Chemist: 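Before I ask anything, here is the structure I am working with.
One is the number of the first residue; the rest follow in order along the sequence. Computed from a predicted structure; not experimentally measured.
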Amino acid sequence: MPDLTGGFVALLGLEFGEVSGDKVVIRWRVRPELHQPHGIQHGGVYCAVVETAASVGGSLWLGDKGRVVGVSNQTDFLRAVREGELTAVGTPVHRGRSQQLWQVEITDEAGRLVSRGQVRLQNLTPA
């Protein structure tokens, strides 16, 4: 299992709920340190959370057969958020021998979709 407590995860303040090879749930609070200059959640945070959810789930699914790395992250920003708690839910769209595709939806406390993204992961397995 990847370290879910330190580094970038800690910097962003991410808290993991359900964590499996089939679903990853992440929550965090929007705070001024994560704002862009206009006082809203920075889009890079959404990209990072989308990548984190996909990578953690993909790693758990692949297990001890290897490791995964992100090769593509396409994240859309749908609604500006200034404060509150956000929840990301990542689920697999496709899991194959060499690649995985994960979708992540991020909602606010009212359940409104604020961002969505998908990450393509490369499965790195020993030859």
Side-chain angles (χ1 to χ4, degrees):
M1 164 97 87
D3 179 14
L4 305 179
T5 60
F8 198 50
V9 166
L11 183 67
L12 295 177
L14 305 184
E15 296 177 6
F16 290 80
E18 183 176 343
V19 178
S20 74
D22 295 316
K23 184 177 183 182
V24 175
V25 178
I26 302 173
R27 289 182 179 79
W28 76 100
R29 293 212 66 78
V30 177
R31 54 191 203 279
E33 309 91 81
L34 301 178
H35 284 173
Q36 48 96 302
H38 297 290
I40 60 174
Q41 176 75 83
H42 193 288
V45 175
Y46 293 126
C47 293
V49 173
V50 166
E51 180 106 10
T52 299
S55 295
V56 168
S59 291
L60 291 172
W61 178 78
L62 191 60
D64 61 4
K65 293 183 249 172
R67 57 192 174 95
V68 301
V69 293
V71 294
S72 175
N73 179 334
Q74 207 282 290
T75 301
D76 296 307
F77 318 125
L78 306 171
R79 180 183 296 271
V81 177
R82 295 184 185 285
E83 60 186 14
E85 184 177 83
L86 298 177
T87 302
V89 177
T91 55
V93 174
H94 169 78
R95 295 183 288 199
R97 209 169 7 106
S98 62
Q99 291 192 340
Q100 301 179 50
L101 181 64
W102 281 70
Q103 175 176 295
V104 181
E105 293 189 342
I106 300 172
T107 55
D108 65 12
E109 292 169 306
R112 297 175 296 195
L113 187 63
V114 299
S115 181
R116 71 160 300 281
Q118 65 179 30
V119 172
R120 182 168 299 282
L121 301 168
Q122 185 72 37
N123 297 331
L124 302 177
T125 56

Chemist: About how many Å separate CD of E51 and CG of N73, when rounded to the nearest 0.5 Å?
Modeler: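 That separation rounds to 5.0 Å.
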Chemist: What's the spacing between S20 OG and W61 CH2 if we round to 0.5 Å?
Modeler: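 One gets 13.0 Å once the value is rounded to the nearest 0.5 Å.
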Chemist: Is E83 atom CD crowded by more than 12 heavy atoms from other residues, nucleotides or ligands, each under 6.0 Å away?
Modeler: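 No, because the 6.0 Å sphere around CD of E83 holds 12 heavy atoms or fewer from other groups.
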Chemist: If Ile, Leu, Val, Met, Phe, Trp and Tyr residues are connected whenever their side-chain heavy atoms lie under 4.5 Å apart, and connections chain through other members, are V49 and V71 in the same group?
Modeler: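 Looking at the clustering, V71 is in a separate group from V49.
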Chemist: Which distance, rounded to the nearest 0.5 Å, do you find between the CD of Q100 and the CZ of R120?
Modeler: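 Here the interatomic distance stands at 10.5 Å.
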Chemist: Measuring from I106:CD1 to Y46:OH, what's the distance to the nearest 0.5 Å?
Modeler: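 Answer rounded to 0.5 Å: 7.0 Å.
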Chemist: Are L60 and L4 co-members of a hydrophobic cluster defined by side-chain heavy atoms under 4.5 Å apart?
Modeler: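 Both belong to a single hydrophobic cluster.
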Chemist: Hey, are Q74 and Q118 close enough side-chain-wise for a donor-acceptor pair under 3.5 Å?
Modeler: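 No, Q74 and Q118 have no side-chain donor paired with an acceptor closer than 3.5 Å.
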Chemist: Is there a continuous path of hydrophobic side-chain contacts, each under 4.5 Å between heavy atoms, that joins L121 to V93?
Modeler: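 No, no single cluster joins them.
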Chemist: Quick test of your reading of the model: are R82 and D108 salt-bridged, counting only N-O distances below 4.0 Å?
Modeler: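 No, this pair does not count.
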Chemist: Is the backbone of I40 close enough, under 3.5 Å, to the side chain of H38 for a donor and an acceptor to pair up by distance?
Modeler: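 Answer holds: no.
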Chemist: Would you check if the side chain of N123 reaches a backbone N or O of R67 as a donor-acceptor pair within less than 3.5 Å?
Modeler: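 No: the side chain of N123 does not pair with the backbone of R67.
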Chemist: Kindly indicate, with the supporting measurements, whether the criterion side chain to side chain contact (heavy atoms under 4.5 Å, CB included) is fulfilled by L78 and D76.
Modeler: CA-CA 6 Å; L78 306 171; D76 296 307; 4.2 Å; yes
Chemist: With a 4.5 Å cut-off on side-chain heavy atoms, are Q41 and L34 touching?
Modeler: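 Side-chain contact under 4.5 Å: yes.
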Chemist: May I have the step-by-step check of side chain to side chain contact (heavy atoms under 4.5 Å, CB included) for T75 and C47, ending in yes or no?
Modeler: CA-CA 6 Å; T75 301; C47 293; 3.8 Å; yes
Chemist: Between F16 and V119, is there a shared hydrophobic cluster once you connect ILVMFWY residues whose side-chain heavy atoms come closer than 4.5 Å?
Modeler: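 In one cluster with F16: V119, yes.
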Chemist: Which donor-acceptor pairs under 3.5 Å do the side chains of residues 84-92 make with protein atoms, sequence neighbours left out?
Modeler:
none

Chemist: Are any non-hydrogen side-chain atoms of V114 and F77 less than 4.5 angstrom apart?
Modeler: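 When only atoms from C-beta onward are counted, F77 and V114 do not touch, as no gap falls below 4.5 Å.
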Chemist: Is V25 reachable from V81 through a run of I, L, V, M, F, W or Y residues, each pair having side-chain heavy atoms under 4.5 Å apart?
Modeler: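 In one cluster: no.
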Chemist: What pair of heavy atoms forms the shortest contact from A54 to W102, and how long is it?
Modeler: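 Shortest heavy-atom separation between A54 and W102 comes out as CB-CB, 3.6 Å.
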Chemist: To the nearest 0.5 Å, how far apart are CG in L14 and CH2 in W28?
Modeler: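 Output value for this atom pair is 7.0 Å.
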Chemist: Determine whether a donor-acceptor pair (N or O, by modelled atom type, separation under 3.5 Å) exists between the side chain of Q122 and the backbone of S98.
Modeler: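 Yes: the side chain of Q122 pairs with the backbone of S98.
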Chemist: Could you state the interatomic distance from CD1 (I26) to CG (L12), rounded to the nearest 0.5 Å?
Modeler: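 It is 9.5 Å, given to the nearest 0.5 Å.
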Chemist: Quick one: closest heavy-atom pair of V68 and S59, and the distance?
Modeler: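 Shortest heavy-atom contact: CG2-OG, 3.3 Å.
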Chemist: Any side-chain heavy atom of D22 sitting closer than 4.5 Å to one from R95?
Modeler: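 Yes, close enough: below the 4.5 Å cut-off.
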